[in-house]
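Let me begin by presenting the structure, written as structure tokens, before commenting on it.
Chain identifiers are assigned alphabetically (A, B, ...) following the order of the sequence lines, protein sequences preceding nucleic acid strands; residue numbering begins at 1 within each chain.
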Number of protein chains: 2
Amino acid sequence: MAEQDWRERLRSRGYRLTPQREMVLRAVDELGHATPDEVLGKVREQSSAINISTVYRTLEVLEELGLVRHAHLSDRAPTYHSISDHEHFHLVCRNCQKVVSVDPDVLKPLTDRLEADGFVADVGHLTVFGHCTTCPPTEESS
Amino acid sequence: MAEQDWRERLRSRGYRLTPQREMVLRAVDELGHATPDEVLGKVREQSSAINISTVYRTLEVLEELGLVRHAHLSDRAPTYHSISDHEHFHLVCRNCQKVVSVDPDVLKPLTDRLEADGFVADVGHLTVFGHCTTCPPTEESS
DNA sequence: TTAGTTGCAAATATTTTGCAACCGC
DNA sequence: GCGGTTGCAAAATATTTGCAACTAA
């Protein structure tokens, strides 16, 4: 997404352009996939201080504007990622914890089928848990 | 799953058969999909008291034994369901909140493709968010 | 008897909220 | 200056853990 774009998108909806929002968006971009807490850490590491509640509120705004998205890559906290990447869904290996981003095309057969049955899938939010065949399955992955 | 089966499965792994475990398993069966807190409520409603931490610990054991599974049907708490049902995955509509259980066959094209790429999906844990075409999309669902 | 379980309270972890001070436009 | 934002602390939620008492086998 172009530099200009997100500034404009904030303004056009009556939101203000603040340094905190700029920092959070940059942090999400740089981190790839990050929890609110990790975003907080990244922002503090790079620049000035920012409060955790501001991070939560900012991520909410940015998601509403379609600038970031979140997915659940663990059974714990959600992770946010930038939309400047192409839309994608995630695979998470319960053995090696590796996260792989996959092109939505792979989902086409599924989404087509679901749509025929009256359901439009939110591909960007989807996370498929499982395990890599190169990872020996453990008790945990059962 | 047969009555006998789960008792045996507990014992064979060195676990004890306690009234709490029996009550939790029954509650999950009867509730369909339920959060730990809802399971607590159901157990208390039907029989005697039980502690919330026991519910958490019991669900963990039951899941390890393959007697229940959990999925994330909201951005909040996980929901547990019995395995006496056939394996299935879930669709969740962000508009009407309706949860639909879907046969794994529908996922075949996807899982085959992923397996070809070296990833075995955990179908039972999968939840697809989106919206019913019969639900008018709202801001929330964007 | 004895090792696994439970209840309870306290500790963690995560997210939300009220509100006064602050600042982008 | 006005109204949206932020920081801070406290509240609300959700989950985990230590440990003594309890109990299934």
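- Heavy-atom contacts of chain B under 4.0 Å fall on DNA chain C between two terminal nucleotides, which in 5' to 3' order are C:dA3 to C:dC8.
- A distance of 8.5 Å separates OH in B:Tyr15 from CG in B:Leu10, rounded to the nearest 0.5 Å.
- For the salt bridge (Lys or Arg N to Asp or Glu O under 4.0 Å) test, no residue two or more places apart in sequence or in another chain qualifies with B:Asp75.
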Extract all donor-acceptor atom pairs below 3.5 Å that involve side chains of residues 98-107 of chain A and protein atoms in other chains or at least two apart in sequence.
residue	atom	partner	partner atom	Å
A:Asp103	OD1	A:Asp105	N	2.8

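- Residue pairs meeting the salt bridge (Lys or Arg N to Asp or Glu O under 4.0 Å) criterion with at least one member in residues 45-59 of chain A, sequence neighbours excluded, are A:Lys42-A:Glu45.
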Can you check nucleotides 9-11 of chain D for protein contacts, nitrogen or oxygen pairs under 3.5 Å, and list what you find?
none

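- The environment of B:Glu87 atom CD is dense: over 12 non-hydrogen atoms of other residues, nucleotides or ligands sit within 6.0 angstrom.
- Looking at residues two or more places apart in sequence or on another chain, you find a salt bridge (Lys or Arg N to Asp or Glu O under 4.0 Å) between A:Asp117 and A:Arg113.
- Rounding to whole angstrom units, CD1 of residue B:Ile52 and P of D:dT17 are separated by 15 Å.
- Across all strands shown, B:Leu17 has heavy atoms under 4.0 Å from sugar-phosphate atoms exclusively, and none from any base.
- Classified by interplanar angle (parallel below 30°, tilted 30° to 60°, perpendicular above 60°), the ring pair B:His70/B:Tyr80 is tilted.
- The distance from atom CZ of A:Arg11 to atom P of D:dG4 is 17 Å, rounded to the nearest whole Å.
- As a whole-Å value, the separation of B:Tyr15 OH from D:dT23 C1' is 18 Å.
- We find that A:Arg69 and A:Asp122 are joined by a salt bridge, their nearest charged nitrogen and carboxylate oxygen being less than 4.0 Å apart.
- Side-chain atoms of A:Arg9 come within 3.5 Å of backbone N or O of A:Leu65 as a donor-acceptor pair.
- Within 4.0 Å of B:Arg57, counting heavy atoms only, lies at least one base atom of the nucleic acid.
- Taking the nucleotide of DNA chain C with the nearest heavy atom to each of B:Ala49 and A:Pro78, the more 5' of the two is matched to B:Ala49.
- Heavy-atom nearest nucleotides on DNA chain C were determined for A:Glu60 and for A:Pro19, and the one closer to the 5' end corresponds to A:Glu60.
- Of the residues near DNA chain D, A:Arg76 and A:Thr54, the one whose nearest nucleotide (by heavy atom distance) lies more toward the 5' end is A:Thr54.
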